[in-house]
Protein chains: 2
Amino acid sequence: MSSSASARRADTDEATAAIFAALGDGTRLALVARLSQGSACSISQLAEHSALTRQAITKHLQVLEKAGLVSRRKSGRETLYACQPRPLHDARRYLDVVERQWDQALGRLKTFIER
Amino acid sequence: MSSSASARRADTDEATAAIFAALGDGTRLALVARLSQGSACSISQLAEHSALTRQAITKHLQVLEKAGLVSRRKSGRETLYACQPRPLHDARRYLDVVERQWDQALGRLKTFIER
DNA sequence: CTCATTCGCAACCAGGAGGTTGCCAATGAC
DNA sequence: GTCATTGGCAACCTCCTGGTTGCGAATGAG
C-alpha cells in the first residue's frame with residue numbers, strides 16, 4: 001500500500017507544489033487577486049484591460065482551474081470564473097508548518113547554545 | 001515615477017509570483033521542507049537520498065537562492081545551504097490577504113442577500 | 001433573420017525548465 | 001605527497017510553458 005509517512009509527505013509535497021506552481025506566474029496571481037475581490041468574471045472581462053490576448057488569459061484560467069484554485073460556470077455564451085479558496089488555504093497552512101518548523105529549530109538551537 | 005497603487009500592486013504580484021514559482025516544484029518544496037528542519041546541509045548531503053543527480057539538486061538550490069528562500073555559505077570544500085524564512089513569511093501573508101478579501105466578499109454578498 | 005459577442009479548438013513558435021553527462025579545480029584526510 | 005570528496009562549469013537534450021494567430025460554433029441582441 002506504500003502509505004508510509006514519507007510517502008504521504010511526498011504526496012503532500014507534490015500536490016502543494018502544483019498549487020504553488022499555479023500561483024507562480026504574475027498574470028495568474030493577478031487573476032486570483034482579481035477574482036478574490038468577490039464577483040465572478042467572464043473571460044472577456046478578465047482579458048479586457050490586459051496586455052495579453054483572450055486566448056492567453058483562457059490558458060491561464062485553465063491552469064488555475066486544473067489546480068483547483070478557480071471554478072468555471074457557463075452562463076449563456078459567457079464562461080464565468082470564480083475563486084475557490086480551499087487550495088489557497090491549504091497552501092497557506094503548508095507555509096505555516098514550514099515557518100513553525102523553522103522557528104522551533106531556531107528555538108532548539110538557542111537553548112542548545114545557552115545551556 | 002509611476003508609483004501608483006496599481007503599479008506597486010503589480011510589482012508585489014511579480015515579486016510574490018517569483019517566490020511561488022520557486023516553491024512550485026516538488027523537489028524544491030522538499031528541499032525547503034528539509035532545510036526548515038533546522039540544520040544547514042551540504043549539496044551532497046541533500047542529494048544523497050534523492051533519485052536525482054547532484055547537479056540537478058544544485059540547480060534547484062540555485063533557483064531557491066535566486067528567489068531568496070535559502071542562503072549559501074562556503075565551509076571548506078563544502079557549500080552549506082540554510083533556510084531563509086523571510087520570503088516564506090511574505091508569501092504566507094500574501095495568501096492571508098487574498099483569503100481575507102474573499103471572506104469579506106462573501107460577507108458583503110451575504111448581507112446583500114439577507115437585506 | 002441577421003449579426004455582433006463570446007468562446008473553444010488547433011496549429012504553431014520561441015524560449016526556458018529540468019535533467020543528464022563529462023570534465024576540472026579546490027580542498028580535506030591520511 | 002597522494003588520493004578521495006566535493007562541487008562548479010559547460011554542453012547538450014527533451015519537454016513544457018507562455019504566447020500568438022486563424023477559424024468555426026454557440027448564443028444573445030436588434
Side-chain angles (χ1 to χ4, degrees), chain A residues 10-11 13-35 39-82 87, chain B residues 10-11 13-35 39-82 87:
Chain A
D11 287 354
D13 274 2
E14 285 302 330
T16 313
I19 299 175
F20 284 136
L23 294 174
D25 177 284
T27 303
R28 286 197 292 269
L29 204 55
L31 285 173
V32 169
R34 164 96 179 258
L35 290 178
S39 53
C41 295
S42 75
I43 298 180
S44 290
Q45 277 181 329
L46 292 170
E48 200 166 10
H49 292 310
S50 167
L52 301 183
T53 316
R54 169 182 59 88
Q55 291 303 329
I57 302 292
T58 297
K59 283 195 183 181
H60 282 299
L61 287 171
Q62 285 171 350
V63 172
L64 288 174
E65 194 201 4
K66 216 163 284 180
L69 285 162
V70 302
S71 61
R72 187 175 51 183
R73 176 180 104 237
K74 294 220 68 170
S75 164
R77 65 183 163 187
E78 290 183 330
T79 299
L80 300 179
Y81 279 87
Chain B
D11 287 353
D13 274 3
E14 285 303 328
T16 313
I19 298 175
F20 284 136
L23 294 175
D25 178 283
T27 303
R28 287 197 291 270
L29 205 54
L31 285 173
V32 169
R34 164 95 179 258
L35 289 178
S39 52
C41 295
S42 73
I43 297 180
S44 290
Q45 276 181 328
L46 291 171
E48 200 166 8
H49 292 310
S50 166
L52 302 183
T53 316
R54 169 182 59 87
Q55 291 302 328
I57 302 292
T58 297
K59 284 195 182 181
H60 282 299
L61 287 171
Q62 286 171 351
V63 171
L64 289 173
E65 193 201 4
K66 216 162 284 178
L69 285 162
V70 302
S71 62
R72 188 175 50 183
R73 176 179 105 239
K74 294 218 69 170
S75 164
R77 64 183 163 186
E78 290 184 331
T79 300
L80 300 179
Y81 280 87

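Computed from heavy atoms alone, side chains included, the values below leave out hydrogens, waters and symmetry copies. Convention: sequence-line order gives letters A, B, ...; per-chain numbering from 1.
- Here B/Y81 pairs with nothing under the ring pair (Phe, Tyr, Trp, His ring centres under 6.0 Å) rule; sequence neighbours left out.
- Residue B/A17 comes nearest to A/G26 through the heavy atom pair CB-N, 3.6 Å, listed as atom of the first residue, atom of the second, then distance.
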Step by step, work out the side chain to side chain contact (heavy atoms under 4.5 Å, CB included) result for A/L46 and A/L35.
CA-CA 9 Å; A/L46 292 170; A/L35 290 178; 4.2 Å; yes

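- Looking at the side chain of B/D25, the nearest of the listed nucleotides C/dG18, C/dG8, C/dT6 is C/dG18.
- For DNA chain C, the neighbouring residues in residues 42-50 of chain A, judged by any heavy atom under 4.0 Å, are A/S42, A/I43, A/S44.
- Here the closest heavy-atom approach between residue A/S75 and residue A/L80 is recorded as CB-CD1, 4.0 Å.
- Here the closest heavy-atom approach between residue A/D25 and residue A/H60 is recorded as OD1-CE1, 3.6 Å.
- Here the NZ-CZ distance, from B/K59 to B/R28, works out to 11.5 Å after rounding to the nearest 0.5 Å.
- Residue B/D13 holds its CG atom at 10.5 Å from CG of A/L23, rounded to the nearest 0.5 Å.
- The minimum heavy-atom distance linking B/V70 with B/L61 is given by the pair CG2-O, 4.0 Å.
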Polar atoms only, N or O, under 3.5 Å: list the protein pairs with nucleotides 23-30 of chain C and their distances.
| from | atom 1 | to | atom 2 | distance (Å) |
| --- | --- | --- | --- | --- |
| C/dT27 | O2 | B/R77 | NH1 | 3.2 |

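- When all heavy atoms of B/L29 and A/T16 are compared, the closest pair comes out as CD2-CB, 3.9 Å.
- Annotation: side-chain contact (heavy atoms from CB on, under 4.5 Å) contacts of B/A67 (sequence neighbours excluded): B/A22, B/L69.
- Residue contacts for A/T53: at a heavy-atom cut-off of 4.0 Å it reaches a base atom on one of the strands shown.
- Atom-to-atom distance recorded for B/Q45:CD and B/S50:OG is 14.0 Å, nearest 0.5 angstrom.
- Once rounded to the nearest 0.5 Å, the distance linking OG1 of A/T27 with CG of A/L64 reads 10.0 Å.
- Against DNA chain D, the stretch residues 59-74 of chain B makes no heavy-atom approach under 4.0 Å.
- Taking a heavy-atom distance under 4.0 Å as the criterion, the stretch of DNA chain D touched by chain A extends 5' to 3' from D/dG18 to D/dG28.
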